[in-house]
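Quick notes on the structure that follows.
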Protein chains: 2
Amino acid sequence: MASTTENPKYKVIGTRPIRHDGVDKVTGRAKYGSDIHPTGMIYGVLVRSPHAHAKLKSVDTSAAAKLPGVRAVVTHKDLREPGNTILELGEGAVNLKHLSNNCLAGDKVLYRGHPIAAVAADSIHIAEEAAALIKVEYELLPPVMDIREAMKPGAPLLHDDVFTDELGTKSTTASNVARHFRFEQGDLEAGFKNAAHIVEREFTTATVHQGYIEPHNATALYTADGHITVWTSTQGIFTTRQQVAELLDVAISKVKVVPMEIGGGFGGKIRVYLEPVAAALSRKSGLPVQLVMSRADVFESTGPTPGSYMKIKLGVDASGKLVAGEAYIAFEAGGYPGSPVGAAAMCVFSCYEIPNAKVDGFDVCVNRPQTSAYRAPGATQAAFAVETLVDELCEKLKLDPLEFRLKNAVKEGSRRVDGPVYPRIGMIETLDAAKNSEHWKTPLTGKHQGRGVATGFWFNAGLKSAASATVNPDGSVVLLEGSTDIGGSRAGLAMQLAETLGIPAEQIVPRVVDTDSIGYTDVTGGSRVTFATGHAAYQVGLEIQRQCCLRAAKIWEVEPATVSYQEGTIVGPAGKQFTFKELAAQITKTGEAIVAYAAVDPHGCGGAFATHVVDVEVDVDTGKVTVLRSTLVQDVGTAIHPAYVEGQMQGGVAQGIGWALNEEYFYDASGTMRNASFLDYRMPTSYDLPLLDTIIVEVPNPGHPFGVRGVGEVPIVPPPAALANAIYHATGVRMQTLPMSPPAVLKAILAKAAASNGKH
Amino acid sequence: MASTTENPKYKVIGTRPIRHDGVDKVTGRAKYGSDIHPTGMIYGVLVRSPHAHAKLKSVDTSAAAKLPGVRAVVTHKDLREPGNTILELGEGAVNLKHLSNNCLAGDKVLYRGHPIAAVAADSIHIAEEAAALIKVEYELLPPVMDIREAMKPGAPLLHDDVFTDELGTKSTTASNVARHFRFEQGDLEAGFKNAAHIVEREFTTATVHQGYIEPHNATALYTADGHITVWTSTQGIFTTRQQVAELLDVAISKVKVVPMEIGGGFGGKIRVYLEPVAAALSRKSGLPVQLVMSRADVFESTGPTPGSYMKIKLGVDASGKLVAGEAYIAFEAGGYPGSPVGAAAMCVFSCYEIPNAKVDGFDVCVNRPQTSAYRAPGATQAAFAVETLVDELCEKLKLDPLEFRLKNAVKEGSRRVDGPVYPRIGMIETLDAAKNSEHWKTPLTGKHQGRGVATGFWFNAGLKSAASATVNPDGSVVLLEGSTDIGGSRAGLAMQLAETLGIPAEQIVPRVVDTDSIGYTDVTGGSRVTFATGHAAYQVGLEIQRQCCLRAAKIWEVEPATVSYQEGTIVGPAGKQFTFKELAAQITKTGEAIVAYAAVDPHGCGGAFATHVVDVEVDVDTGKVTVLRSTLVQDVGTAIHPAYVEGQMQGGVAQGIGWALNEEYFYDASGTMRNASFLDYRMPTSYDLPLLDTIIVEVPNPGHPFGVRGVGEVPIVPPPAALANAIYHATGVRMQTLPMSPPAVLKAILAKAAASNGKH
């Protein structure tokens, strides 16, 4: 769908060229993680714990090591255990002891699937046979799977050295609660005192997985001089480099990470799992080693997004203005601390001006795999709670949900509960666009149909990026970047450079290169690449402009100050001019190459808001929810490549619908996941979804030369809440648990009917 | 041996760290051309002409194409034939029509081994079988193998569209002589009139091959969107890119050349042979294709250095000052024009002040493979002639050969016959060092022993280079370069950056990267890399210094002008300071990455001079020459890594000895090479050589920040002449033909004895 604003001043931005990596991807030529086969490569297999919680009494690898064809066996002893050191890692921070133990368990296993040892052999079959020969003696411990159980005193303890960071003070008693933090503003008690209406509800959400198509993989070669090359599909080549260097105990400069194409990440491919193990196996064997996960490994042993327990309370005055909000948010950390509960706390009240508010966050260890980021991590869970409460308030106040949101919406100058004051943002514009949409204006008519609306926020990240470029004699420009391309960023970055230079996007050759070939660049995450790496591409363009002017001045023998760069043309005095292509053809003959490099650390990434309008029909006999129509309205700042922006919006909504209606980890009492396959872990397919409509709103971000805001994450935030609201309007039941799967919805419908019958 | 001058001001330059790529190379991990195996790769074989000169009447590939397993067959029609366009190529220029026809012959084959067609198949065996099914009908033509025969009117003509460029005017009659040019200074006739002694001799030299260990290879993948990736071992990734783009008719930006390690080049791995053919096969098959030459292919079909015919005349006055010189130099071009006769003409009189001189150069087609550069191309042949004539003059004048050379040596301000005026050079210093050497002072005592001395010159090249660097948090710096590393240049460049930054060489991580990842860089040739790419590394270092100072100023909150970079330490006001490593650790926390890029096109590469002193013993019964002692004295400007400088000097002398005493192409009358193997083409081994002593002289080049001059080429120049002079002093016979192999020397000894007997 077309943009609501136009940018006639741009020539490349806002167009939809074919992506530079498109042909390779559709013809199968693009090389993903397991497509690399260095000469002499051998194959590795991990031994994983069948138990969710146990002490490791002994690990005997001797029989495996003796099997002919086995080249190396490693255990936790082959990784450095650096103690409880915190490693700053771009978007987050990592406890190195935990990272090391998560890659290969030391004295305990903390979840089913926890790796214990690894073997590398001449064939995958020998490696599997050898893995089966590794004898592990366990002392079984009771697992704790539920977050509220884990928080109770006397719960089985995962760690004896995790002490609650209780509002900044370390407790002295070991606990599963790693951290309790708080954000506050105003006077909460006074706020609720002045409220005309107050609602308070509890919510739970299930553990769900990002479900990227490509399983984790790593191929590593440790050479005799201690250099390590790692080929992997990752969201962050530099963060992978840093983690591998730490766990293998070599200098960062001895590790080179070569990015392969990446089949999805969504936040789950930042922490390393296989890379250090492959490198350790290579160090022992002297050969390149490849490790690839199965789908079950991915479910059981990588980082899904946390399940949560939340209790939220909102107060509103008689006019419909929010006056107070309180949130208690507890997130599953999994086996090791570090859930994205902080981001949930930042986002929970971020769409509304709430003068008096308090948010308590809790990070809680349970015997599940260590959780990770998943597309706007934490914001979706928080929005599910708050936005359904808002719907309940609207009902009480008999206010239109969009009008209520418009009345309470944050705008430039509003202050978020965790501190920041908003710059120019587009919350109101997305609400207006939703209100004016054909979807909103079209009434529902069927039985058991309902419409829900919800808004979501994601703060987006800035962080560090680098880019470099060289001008070819044919007028093309090679653009190097260190941001792995998950969502079409090659095109989005190339277009920003093309716009800066006033040349077609096709004249840019974007390349994602290894850690030795580009300046430090943070992860592809936080919706930051088009913003921050785009900023670097723009800076590179300015530098090329400058050098083009200097070169033209040299050729024309005029003062450099008399030459300027105007939309792809270098203009000198007395009518002299070169097109960019003409000048490019002159470079080699007239001096050194034209090359440019930029490293940036930009602030002002701007926040992103999205409003989701969704219609459902509920089969009240089965509880099955069918999505009839979906429109996501999002402020994207400036849509560099509108088709990829729409793709991000649609992808986020699709994942949000899956999270809302189907997805969850089923664990049995022993802590075994019972649905660790795509057959049983039910993600939505095209059969489950209508066409997902999008409305792009463009409120340019003042913090970026082209007004870019991140677009990739916020679209997943509102759908679960919008669907819960739609289900309510279709059935009269308020869902407070995710997923709202058929049995859950049916149960709620039956309970309501029973209660209603009881009243009669 | 130690340097004759010291550079105490340098901390890194002049030391001998282990080369960065050393461990990979000695452990077999380094990847050479044929070590790359992209997924799905198939194998190609070329069909080569068994005739030295023939018209191609028909090429029938139909049977080959039908063989199961064959994926593609290509002929000349699959390459673009761009007409007689001249492509500027860094060190030289290439006629694209000739290049195209040399890769796959069009209507004629011009030498035995000339490729005609190529086939790619699932295995090398199928490819070979298919190649045998290709039917070629030839119309045989008489070959012309000898340069003087080829110059005669009525000689068999190789080309009907090659017309002599006769002193700048194109002739209208087709000829094997592609070019006749002339350099002149002073008044030649008057010069010879004033001469007290005149000597004039004719010389011939054989065709010899560089003999690099690694045969030519190319692996190419042409993807569905018209992008070509070429993996190859080459002296110039950008020149390869340009040639492939031209012959495949795609834009330069669609070709990426990935450098593999290179097992020697010496000038012979600049022109493409296999790369365009592999790309054409990949275009047809859709699969990656690999082509690798056999040793016979390398001898018969790549570019050896030309055999030559020279006639030189020198005049000297009674005081021993040279007054006139005349040179007629004709070089074999091989099948297509373009021998390095121009460089021979520039170098022939370049060691001496000769006020009156004339040089005529001729480039002549013969039915041999198209010749290429070989280490100081042309200079060795020219020096063989001039330096033996000088020895004859010394004998006539009864002058010590070093004293004669000192008397006539060029120095700063001297003018070369082709125009340039010398900057500060070290000809005199090398002669002085030779005179003072223990070798020179130690008399020979044995029978049939003789000592020879000769001097050589090479002008060295500058050309374009780029470098870029990023600073890692561990204080290491990754240095990217586009110069493929043939002779240890990773170390030599890393050391220049390390010196600039005041850090150890081991803290630099040098990487040779592909054409997309670095600014345009000319070939590794012309002894230019340590000079020009080193210049770029130095510039990169200055830029890193600047950024370090800015960052320190930001951290200290002081004015940038108060911060300076002093030998690895960033020094601020009031005693504030960071070591480079300390600052590096702060970068990520305090802002964007520190990255730097430099592209240079430096002039002032300075000329290189070397003097060779060699002792031989001749077995007068067999003509076998044994080298007893060898000392090369060379002005290297500044020795960055003295061990690699010595290695270059020793390597050049070893190759010069091979050229002098053994190597030659034996052709039969039909134009078939009879010794196309390392068994029959006799290169010297360690059994044939004494320890090769070196004396490094350092006369810093004023045109380089560290005084670097190129060192790789000039050492090959004097040995053949020095050996000829030594043989004379051992036997009394003056050799005027290379090689001075046992039968040739014996023949000369017997002829002299016969003449001497005849006199009696």
Side-chain angles (χ1 to χ4, degrees), chain A residues 20 22-24 26-27 29 31 35-39 88 221 223-227 242 245 251-254 256 286 464-466 468 470-478 480 507 509 511 513 515-521 536 587-602, chain B residues 20 22-24 26-27 29 31 35-39 88 221 223-227 242 245 251-254 256 286 464-466 468 470-478 480 507 509 511 513 515-521 536 587-602:
Chain A
H20 298 74
V23 173
D24 273 358
V26 299
T27 56
R29 272 279 162 234
K31 288 184 166 292
D35 291 331
I36 183 90
H37 298 102
T39 308
E88 297 296 332
L221 172 60
T223 49
D225 57 355
H227 282 266
Q242 203 174 348
I252 274 184
S253 50
K254 293 208 159 184
K256 178 166 84 169
K464 290 171 223 303
S465 284
S468 67
T470 66
V471 180
N472 282 322
D474 61 4
S476 64
V477 181
V478 181
L480 301 193
Q507 284 295 103
V509 182
R511 297 279 185 205
V513 295
T515 48
D516 278 351
S517 302
I518 190 77
Y520 179 83
T521 297
I587 294 171
T588 311
K589 294 170 205 147
T590 56
E592 71 280 5
I594 290 189
V595 293
Y597 215 135
V600 299
D601 185 15
Chain B
H20 298 76
V23 173
D24 273 358
V26 300
T27 57
R29 271 281 161 233
K31 288 183 168 294
D35 292 331
I36 184 87
H37 298 102
T39 307
E88 296 296 331
L221 172 60
T223 49
D225 57 355
H227 282 266
Q242 203 174 347
I252 274 184
S253 49
K254 293 209 159 184
K256 178 166 83 169
K464 290 172 223 301
S465 284
S468 67
T470 66
V471 180
N472 282 322
D474 61 5
S476 64
V477 181
V478 181
L480 301 193
Q507 285 296 104
V509 183
R511 297 278 186 207
V513 296
T515 48
D516 279 351
S517 302
I518 190 76
Y520 180 83
T521 297
I587 293 171
T588 311
K589 294 171 205 147
T590 56
E592 71 280 4
I594 290 188
V595 293
Y597 215 136
V600 299
D601 186 14

* **Gap separating the NE2 atom of B/His227 from the NE2 atom of A/His20, nearest 0.5 angstrom** => 8.0 Å
* Structure fact -> Heavy-atom nearest pair, A/Ala596 first then B/Tyr597, reads O-CD1, 3.8 Å
* To do: I would like to know whether B/Asp474 and A/Ser253 meet side chain to side chain donor-acceptor pair (under 3.5 Å); could you show each step before the answer?
  => CA-CA 7 Å; B/Asp474 61 5; A/Ser253 50; 2.9 Å; yes
* Asked: Is any side-chain heavy atom of B/Ile252 less than 4.5 Å from a side-chain heavy atom of A/Pro473?
  -> yes
* **Heavy-atom closest pair, residues B/Val595 and A/Gly519** => CG1-CA, 3.4 Å
* If we only count heavy atoms from C-beta on, is the B/Val509 to A/Lys256 side-chain gap below 4.5 Å? -> no
* To do: Compare every heavy atom of A/Gly591 with every heavy atom of B/Asp601, then report the nearest pair and how far apart it is.
  => OD2-CA, 3.3 Å
* Asked: Side chain, backbone, both or neither: which part of A/Leu221 has a heavy atom under 4.5 Å from chain B?
  -> side chain
* **Results of salt bridge (Lys or Arg N to Asp or Glu O under 4.0 Å) for B/Arg511 - residues two or more places apart only** => A/Asp516
* Side-chain heavy atoms of A/Tyr520 within contact of B/Thr588, under 4.5 Å -> yes
* Asked: Do A/Lys31 and B/Thr39 touch side chain to side chain, with heavy atoms closer than 4.5 Å?
  -> yes
* Heavy-atom distance under 4.5 Å to chain A: side chain of B/Val600, backbone, both or neither? -> backbone
* Picking from B/Val26, B/Thr27, B/Val23, what satisfies side-chain contact (heavy atoms from CB on, under 4.5 Å) with A/Asp225? -> B/Val23
* To do: May I ask you to name which of A/Asp35, A/Ile587, A/Asp24 has the most heavy-atom pairs under 4.5 Å with chain B?
  => A/Asp24
* To do: Report the option among B/Gly286, B/Gly475, B/Ser517 that has the most heavy-atom pairs separated by less than 4.5 Å from atoms of chain A.
  => B/Ser517
